[in-house]
Amino acid sequence: MVDGAFVGTVPEPVTLRLSTEGADLLTLAGVADSNLVELQKLFPVRVTLRGDAMALVGAADVLEKAAVVAQRMIEAAKQHRMLEPDDVLRYSLEGGAADSGARLVLPGVRKVIQPKTAGQAAYLQAIADNEIVVGIGPAGTGKTYLAVAAAVDALSRKRVKRIVLARPAVEAGESLGFLPGDMQAKVDPYLRPLYDALEDMMPPERVQKALETRVIEIAPLAYMRGRTLSDAFVILDEAQNATKAQMKMFLTRLGVNSRAVITGDKTQVDLPKREESGLLQVERVLPGIEGIAFHYLTETDVIRHRLVREIVKAYEREGGGTNVPTAASSVPPRGGRA
């Protein structure tokens with residue numbers, strides 16, 4: 001007792017050792033031990049790597065939470081996946097949710113597409129389970145990238161015969177006439193993100209050959225009119241900039257053995273104020289149809305620079321965000337209301 005107050009005893013720190021056998025220790029630690037430093041910032045524990053073990057020292061109640069995140073780091077290092085401080089932060093935000101088995105192994109580039117958040121894993125699962133998936137979420141959540149990965153995987157496994165990637169070219173009013181160059185040169189700036197995703201998942205020569213033979217087609221949304229897309233994996237990107245008429249036109253293009261993924265960010269609608277986004281309309285009219293699923297990604301699924309996550313949060317606080325479900329996914333298998 002000091003000055004009339006009782007002084008409680010400070011609990012002795014506890015040491016917990018986790019096996020790192022089989023893990024790439026350089027990946028696990030990160031550049032200049034940045035991953036270990038991030039873990040120590042997130043939890044009041046001391047972290048060391050010695051031999052085939054990671055030692056965590058701290059209070060017992062904190063160690064329990066830190067150990068779940070540390071174990072996910074170790075699993076990632078065992079699988080030789082990229083591991084950076086942002087990944088460590090995501091693991092903690094997800095409450096240590098276990099890695100999903102959802103992953104795509106793409107031939108040619110020997111690339112493994114691994115969802116980095118529980119929300120992304122559920123998104124990939126929704127794409128596997130449904131004919132049409134509407135993926136809605138802020139910038140940087142991997143909506144388009146994962147959709148393209150699923151399309152390339154389906155093509156390589158011969159589940160579809162072609163991939164069709166579409167985007168509204170709303171900034172040019174879909175006419176594109178005033179831009180210099182031929183038609184391809186006019187539309188390329190709007191479709192560049194889709195090319196970038198493809199080139200990250202397929203050898204360059206294979207991408208070029210697929211484009212030349214129209215096994216892969218990238219085109220403005222307006223050019224889909226009047227077509228029937230059979231045996232195809234179709235992606236509509238930036239769907240918040242599709243008008244209601246364009247969205248209906250796109251959805252009615254689907255033919256036999258076709259799948260579609262529609263991606264969009266409801267906070268970045270560039271349509272004139274008098275024009276309602278087709279993405280907002282499908283949220284009202286399509287839920288409840290079997291085979292159609294809605295999946296919502298949130299700021300916890302942002303996989304770009306960590307500042308992007310904070311920027312998304314700041315805009316939502318300011319009122320720039322829209323009301324979306326707080327859960328990473330509200331998708332029942334085989335459709336159902338989100």
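In this chain, residues are counted from 1 in sequence order. It should be emphasised that the depicted structure is a prediction, and the values quoted were computed from it without experimental measurement.
Leu56 approaches Ala70 most closely through the heavy-atom pair CD1-CB, 4.1 Å. Between Leu254 and Ile132 the shortest heavy-atom distance is CD1-CD1, 3.6 Å. Across every non-hydrogen atom of Ala150 and Ile127, the tightest pair is CB-CG2, 3.8 Å.
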Walk me through whether Ile136 and Leu279 qualify under side chain to side chain contact (heavy atoms under 4.5 Å, CB included). CA-CA 9 Å; Ile136 298 173; Leu279 182 63; 4.2 Å; yes

Carefully, step by step, assess Gln240 and Glu238 under the rule side chain to side chain donor-acceptor pair (under 3.5 Å). CA-CA 5 Å; Gln240 74 275 3; Glu238 297 288 337; 2.6 Å; yes

Would Phe233 and Leu155 satisfy side chain to side chain contact (heavy atoms under 4.5 Å, CB included), going step by step from the backbone distance to the final call? CA-CA 8 Å; Phe233 197 117; Leu155 182 66; over 6 Å; no

After noting the C-alpha distance and the side-chain angles of Arg253 and Val164, does the key distance pass the side chain to side chain contact (heavy atoms under 4.5 Å, CB included) rule? CA-CA 11 Å; Arg253 296 310 92 201; Val164 179; over 6 Å; no

Show, in sequence, the C-alpha distance, side-chain angles and deciding distance for Glu84 and Val31, and conclude whether the side chain to side chain contact (heavy atoms under 4.5 Å, CB included) test is met. CA-CA 8 Å; Glu84 297 177 340; Val31 178; over 6 Å; no

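With a 4.5 Å cut-off on side-chain heavy atoms, Val45 and Val62 count as touching.
For the atom pair Arg206 CZ and Ser156 OG, the distance stands at 6.5 Å (nearest 0.5 Å). Rounding to the nearest 0.5 Å places CG of Leu83 at 4.0 Å from CG of Asn35. Going from atom CG of Leu28 over to atom CG of Leu49 covers 5.0 Å, rounded to the nearest 0.5 Å. Interatomic distance, CG of Leu286 versus CD1 of Ile262, reported as 7.5 Å (0.5 Å rounding). In this structure, the separation between CD on Gln120 and CG on Leu146 is 5.0 Å, given to the nearest 0.5 Å. A distance of 13.0 Å separates OG1 in Thr243 from CZ in Phe250, rounded to the nearest 0.5 Å.
Under the side chain to side chain contact (heavy atoms under 4.5 Å, CB included) test applied with Leu251, the options Met247, Met249, Lys248 reduce to a single match, Met247. The only member of Leu39, Val57, Asp33 that meets side chain to side chain contact (heavy atoms under 4.5 Å, CB included) when paired with Val47 is Leu39.
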Can you give the donor-acceptor pairs under 3.5 Å from side chains of residues 208-220 to other protein atoms, not counting sequence neighbours?
from: Gln208; atom 1: NE2; to: Glu212; atom 2: OE2; distance (Å): 3.2
from: Thr213; atom 1: OG1; to: Lys209; atom 2: O; distance (Å): 2.9
from: Thr213; atom 1: OG1; to: Ala210; atom 2: O; distance (Å): 3.4
from: Arg214; atom 1: NH2; to: Glu217; atom 2: OE2; distance (Å): 3.1
from: Glu217; atom 1: OE1; to: Arg227; atom 2: NH1; distance (Å): 3.3
from: Glu217; atom 1: OE1; to: Arg227; atom 2: NH2; distance (Å): 3.0
from: Glu217; atom 1: OE2; to: Arg227; atom 2: NH1; distance (Å): 2.8

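A side-chain donor from one of Asp200 and Tyr145 sits under 3.5 Å from a side-chain acceptor of the other. In this model, no donor atom of one side chain and acceptor atom of the other lie less than 3.5 Å apart for Gln40 and Glu38.
Judged by distance alone, the side chain of His295 and the main-chain N or O of Leu124 form no donor-acceptor pair under 3.5 Å. A donor-acceptor pair under 3.5 Å is formed between the side chain of Ser258 and the backbone N or O of Leu229. Distance alone, capped at 3.5 Å, places no donor-acceptor pair between the Asp24 side chain and the Gln79 backbone. In this structure, Thr20 contributes its side chain and Asp52 its backbone to a donor-acceptor pair below 3.5 Å. Listed for the Arg72 side chain is no donor-acceptor partner under 3.5 Å among the backbone atoms of Ser92. The backbone N or O of Asp231 sits nowhere less than 3.5 Å from a side-chain atom of Arg162 that would complete a donor-acceptor pair. A donor-acceptor distance shorter than 3.5 angstrom exists from the side chain of Asn241 to the backbone of Asp270, with no hydrogens or angles considered. The backbone N or O of Glu276 sits nowhere less than 3.5 Å from a side-chain atom of Lys244 that would complete a donor-acceptor pair.
No more than 12 heavy-atom neighbours from other residues, nucleotides or ligands sit within 6.0 angstrom of CD on Glu21.
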